[in-house]
Amino acid sequence: MKTLVIGIGNRMRGDDAAGLRVIERLAVESTTAMECLALEHIALELYEAWRDRDAVLVVDAATSGHDPGTVHRFDARVEALPVRISRFSSHGFGLHEAIELARALDRLPSRLIVYTIEGESFIDGAALSPPVEEATRRLAERIREEIQPAGA
Amino acid sequence: MSAEKEAGGGDTRRIRVDYLSRVEGEGAFYVKINGAEVEQAELRIFEPPRFFEGFLRGRSFLEPPDITARICGICPVAYQMSAVHALEAIVGFRPDATLRALRRLLYCGEWIESHALHVFFLHAPDFLGFPDAMTMAKTYPELVGDGLAIKKAGNAIVARLGGREIHPINVRLGGFYRFPRREELRELLPNLRDALGRAEDASTRVAGFEFPHLERDVEFVGLRHHSDYPMNEGRIVSNRGLDIDVEDYDEHFVEEHLRHSHALQSRIRERGAYLCGPLARFNLSYDRLRPRARELADAARLERPCRNPFKSIVVRMVEVVHALDEAIAIIDSYQVPEAPSVALSARAGTGRACTEAPRGLLYHRYRIDAQGTIEDAKIVPPTSQNQRAMEEDLVELVSARLDLDDTALRAACEQAIRNYDPCISCATHFLRLHIERR
């Protein structure tokens, strides 16, 4: 069963592209163990993206006050994301809301892990800041190892 | 933010960027109460100025449908419809029956998804006592599930006919870039029929909400058509005797820039505040609703006219049922046109159009030259037209509830603001209620 890895972000807004960058890195090496999806819009119906999937990883940028490049891991089956962790859509719906809605409607996959990368700046048109770029490299390796351990 | 640029020869050019581009603005509400009197009430909408009217100048008359659609992520179809009708008026194009029906179908899709998003995710939590839809979903998963299914059915129409769910790409002057095949539309029918059943059930529940008391004696303004519930065509009418052609819009409606708000506020010349949107449409065109929607309105005991803005949520459900019923009927009788849409040639002139966005009247006016270059553009969204009426609502609401503490007053004001406009209710997430009591 393939793990679905979803990278969420905004390509045009500095470190907000972190999740998309992780997907880009993962997609370089194709593998039968994982499928990648880049999403530039968090819809209310995010759960549609993981319909019929057992194992899902989500990667997004965060603004939670930690050092830029810090990676956090949450098991969304066990705990809700801290509300303030991610950036909001124009309606105030963010990743937290989309996951909580899925939870309330019993549409979470059996396994849902969320990785966040702390961003430094979210300026229109800017590239990823160096600590975030480095964090995407390390996180992509970590995800590859998590899904398909070397030697397995 | 500002940037400086040195040109050759020592002259300094200063390029100023005073406004960051944002989709939603913050909202604030300021109240000053003196004894038992509300002395001052201002709704401050910090939306950025509509530079769209500025940068449309010099562009081709073929571009506004795509450019103006970007003004709004929830109602791009409304911008496209007002744009094409205003520009087609200049070159003398009139849609035939099939094109007319398809444009209404597209608009139905948008009304359905926009109203569903608003009713279930932005407004219902207020009535049921929840801080947000996510929390509400824990107690009422079926209600939220219904809302999602209805919204999805609306999105599917826009995606299928418009070519994309957000900012459709298939709309052009003269029609569509590609007409759908019959099967492509018929595939939508099962989910539309399912959504219609859910909408009728949900309407009954919504009609059973508790509605704060507020009776407003205000001028309701909307389009009036000789046979259909208004969308793209009609005269502009009101419950106080207004009955004008769209061509005369600027003679009757003025926009003003008030100190406390970045959005221009509209008023009717010589009169004042007015209200457009679902409540106005219902009051002015109840007799044009499809029978299924009319029956629902009657079962919900909606007064005629309905003067309580808090009942807009019920009217939105009536409009959802109307739009689903009409969409199904249009798809059932749809036949692919024999010829593709014609490319239209430019002609110098000025064109105007009003269409009924989910939130109310959306007015576009364009002046183009003989080559089709836009010389001037004016866009008046429903938000700015309703702002004055919203402020007056809040004055009346607060005046009658001075005994409430600040927390309860704030909640009542937020719920009242949401009677009008999803974009504004985003702003009310950051609503700051300043109460000054003397």
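Residue numbers begin at 1 in each chain, while the letters A, B, ... track the order of the sequences. FYI, side chains are in, hydrogens and waters are out, and symmetry mates aren't considered; it's all heavy atoms of this structure.
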(request) Would you indicate whether the side-chain heavy atoms of A/Glu100 and B/Asp132 approach each other to under 4.5 Å? (result) no
(message) Quick check: under 4.5 Å, non-hydrogen atoms only, which of residues 139-152 of chain B neighbour chain A?
(response) B/Pro141, B/Val144, B/Gly145, B/Leu148, B/Lys151, B/Lys152
(message) Let me confirm one number: the CD-CG distance from A/Glu45 to B/Asn155, rounded to the nearest 0.5 Å.
(response) 6.5 Å
(request) Identify the two heavy atoms, one from B/Met134 and one from A/Leu101, that lie closest to each other, and give their separation to 0.1 Å. (result) CG-N, 3.7 Å
(message) Please output the residues of residues 103-113 of chain A in contact with chain B, using a heavy-atom cutoff of under 4.5 Å, in numerical order.
(response) A/Ala104, A/Leu105
